[in-house]
Asker: 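I have a structure I would like to understand better, so I am pasting it below and will then ask my questions one at a time.
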Amino acid sequence: MKQLALPIAMARAPTLEGFSAGPNVPALDHLKLWAGSPTRSPVPTYLWGPPASGKTHLLLAVREALREQGAAVGWLDPSIAEPPGFDERWAVVLMDDVHLYNAVQQHAAFSWFVSAQPTQRGVLAAGALPPADLQVREDLRTRLGWGHVFQLQVLSEPERRAVLRRAADARGVFLGDEVMDFMLSRFSRDLGSLMQLLEQLDAYALQTQRAITIPLIRSMLENE
């Protein structure tokens, strides 16, 4: 069944509190303690797992938590073609999708590591593969794997349904089983996308003074 693309506008910034951990509680607890500590450990942390397991959500949530504390953060992902040099003002460096880094980005990531460690800056990175399987330069690969390493797992469908149900109940929104089936079959099953879809549906239902039904979802998409 073909999945529908969903335009998302005004998405809320991810938060650690808003992360539905499921089997990923150890990683979430570690990051909450790490991000909330005034003396963050400089030992690097690496998260790995398949798409939709929450890696990017957690990195963005840590960035948001640190920014709320007034801390400057370095960020690197494959979309940054010309990474900047290490900035001494950064409290931590965050590196997403490291398995996709090209040679220039790998060089920058290694340079950030080399600069961060002597100055006791934290490093948090994420990729699709465990450190031993990363196809990156050896000196970067070994540094990604020498600290805390957590494997993230995608929530099962019953877990995603339960999270959606709780989120809908918190909003005072009723999601029938047929609506839930439609959402899970026609849209991305990534939980972050589903939560944004729920937020958009709630806003559209309030605007049109209608209950959330499959016809309402179709109407919302037609009017985007």
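Only this structure's heavy atoms are used, side chains among them; waters, hydrogens and symmetry mates stay out.
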Asker: Which atom names give the shortest non-hydrogen contact between R89 and D87, and what distance separates them?
Answerer: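 It is NH2-OD2, 2.7 Å.
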Asker: Examine I214 and M180 and state if one hydrophobic cluster contains both, with Ile, Leu, Val, Met, Phe, Trp and Tyr joined whenever side-chain heavy atoms are less than 4.5 Å apart.
Answerer: yes
Asker: Rounded to the nearest 0.5 Å, how far apart are CG of L124 and CG of L47?
Answerer: 5.5 Å
Asker: Say whether, by atom type as modelled, one donor and one acceptor occur between the side chain of K55 and the main chain of A125 under 3.5 angstrom.
Answerer: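 Side chain of K55 to backbone of A125, a donor-acceptor pair under 3.5 Å: no, none is there.
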Asker: Provide the closest heavy-atom pair for L28 versus A21 in the form atom of the first, atom of the second, distance.
Answerer: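 Distance-wise, the nearest heavy atoms are CD2-CB, 3.8 Å.
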Asker: Quick one: do V93 and L76 satisfy side-chain contact (heavy atoms from CB on, under 4.5 Å)? Show the steps, please.
Answerer: CA-CA 8 Å; V93 294; L76 180 60; over 6 Å; no
Asker: Would a single hydrophobic cluster contain both L58 and L129, if residues Ile, Leu, Val, Met, Phe, Trp and Tyr are joined by side-chain heavy-atom contacts under 4.5 Å?
Answerer: yes
Asker: Do other residues, nucleotides or ligands put more than 12 heavy atoms under 6.0 Å from E82 CD?
Answerer: no
Asker: Check whether more than 12 heavy atoms from other residues, nucleotides or ligands sit under 6.0 Å from atom CD of Q135, and answer yes or no.
Answerer: no
Asker: Report yes if the side chains of S115 and R121 come closer than 4.5 Å at any heavy-atom pair, otherwise no.
Answerer: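 They are not in side-chain contact.
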Asker: Any chance you could lay out the side-chain contact (heavy atoms from CB on, under 4.5 Å) test for L175 and L198, step after step, and finish with the verdict?
Answerer: CA-CA 10 Å; L175 290 182; L198 175 62; 4.1 Å; yes
Asker: State the CG-CZ distance between L197 and F187, to the nearest 0.5 angstrom.
Answerer: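 That separation rounds to 5.0 Å.
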Asker: Does V98 form a side-chain contact (heavy atoms from CB on, under 4.5 Å) with V136? I'd like the steps, not just the answer.
Answerer: CA-CA 8 Å; V98 298; V136 297; 5.6 Å; no
Asker: Answer yes or no: is there a side-chain heavy-atom contact under 4.5 Å between V149 and L144?
Answerer: no
Asker: Atom NE2 of residue position H99 - does it have more than 12 heavy atoms of other residues, nucleotides or ligands inside 6.0 Å?
Answerer: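 Counting other residues, nucleotides and ligands, NE2 of H99 exceeds 12 neighbours.
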Asker: Quick one: does L134's side chain get under 4.5 Å of Y46's, heavy atoms only?
Answerer: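 L134 vs Y46: side chains touch.
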Asker: Does N24 reach the side chain of Q151, with side-chain heavy atoms less than 4.5 Å apart?
Answerer: no
Asker: Look at the aromatic rings of F86 and W90 and report parallel, tilted or perpendicular, splitting at 30° and 60°.
Answerer: perpendicular
Asker: Does the salt bridge (charged side-chain N to carboxylate O under 4.0 Å, His left out) test come out yes or no for R186 and D181, once each step is laid out?
Answerer: CA-CA 8 Å; R186 298 296 184 93; D181 292 342; over 6 Å; no
Asker: Indicate the atoms forming the closest heavy-atom contact of I80 with W75, along with that distance.
Answerer: CD1-O, 3.4 Å
Asker: Given M95 and Y101, is the side-chain contact (heavy atoms from CB on, under 4.5 Å) satisfied, shown in steps?
Answerer: CA-CA 10 Å; M95 300 183 288; Y101 284 6; 3.2 Å; yes
Asker: Examine distances only and state if a side-chain atom of E68 and a backbone atom of A65 form a donor-acceptor pair shorter than 3.5 Å.
Answerer: no
Asker: Decide, yes or no, whether a salt bridge links R218 with E222 under the criterion of side-chain N to carboxylate O below 4.0 Å.
Answerer: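 No, R218 and E222 are not salt-bridged.
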Asker: Enter the distance from T45:OG1 to R40:CZ here, rounded to the nearest 0.5 Å.
Answerer: 12.0 Å
Asker: Could you check whether any side-chain heavy atom of V92 comes within less than 4.5 Å of a side-chain heavy atom of V123, counting everything from C-beta outward?
Answerer: no
Asker: Of all heavy-atom pairs between W146 and P44, which one has the smallest distance, and what is that distance?
Answerer: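 Answer, listing the atom of W146 first, then P44: CZ2-CD, 3.2 Å.
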Asker: Using the rule that Ile, Leu, Val, Met, Phe, Trp and Tyr join whenever any side-chain heavy atoms are under 4.5 Å apart, tell me whether F19 and L164 fall into a single cluster.
Answerer: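 F19 and L164: separate clusters.
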Asker: Membership question, hydrophobic clusters at under 4.5 Å side-chain separation (ILVMFWY): are L33 and L152 in the same one?
Answerer: no
Asker: If I take atom CZ from residue R165 and atom CG from residue D177, how far apart are they, to the nearest 0.5 angstrom?
Answerer: 5.5 Å
Asker: Less than 4.5 Å apart, side chain to side chain, heavy atoms only: is that true for V154 and R160?
Answerer: yes
Asker: Which atoms form the tightest heavy-atom contact between Q69 and G36, and what is the distance?
Answerer: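 Taking Q69 first and G36 second, the nearest heavy atoms are NE2-CA, 4.2 Å.
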Asker: Using modelled atom types only, decide if a donor and an acceptor are shared between the side chain of W48 and the backbone of P131 within a distance under 3.5 Å.
Answerer: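 No: the side chain of W48 does not pair with the backbone of P131.
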Asker: Are the side chains of T208 and S219 in contact, using a 4.5 Å heavy-atom criterion?
Answerer: no
Asker: Linking I/L/V/M/F/W/Y whenever their side-chain heavy atoms sit closer than 4.5 Å, directly or via other members, would L216 and L184 fall into one cluster?
Answerer: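 Yes, same cluster.
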Asker: Quick check against the 3.5 Å criterion: does R143 have a side-chain atom that pairs as donor or acceptor with the backbone of D139?
Answerer: yes
Asker: Do V73 and L94 come close enough that some side-chain heavy atom pair is under 4.5 Å?
Answerer: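 Touching, per the 4.5 Å side-chain cut-off.
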Asker: Roughly how far, to the nearest 0.5 Å, is the CZ atom of R141 from the CD atom of Q106?
Answerer: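 Reported to 0.5 Å precision, the distance equals 12.0 Å.
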Asker: Which heavy atom of I212 sits nearest a heavy atom of L201, and at what distance?
Answerer: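 Shortest heavy-atom contact: CD1-CB, 4.0 Å.
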Asker: In Å, rounded to the nearest 0.5 Å, how long is the span from OG of S156 to CZ of R161?
Answerer: 10.5 Å
Asker: Within the distance-only criterion (no hydrogens, no angle test), does the side chain of H30 pair as donor or acceptor with the backbone N or O of V25 below 3.5 angstrom?
Answerer: no
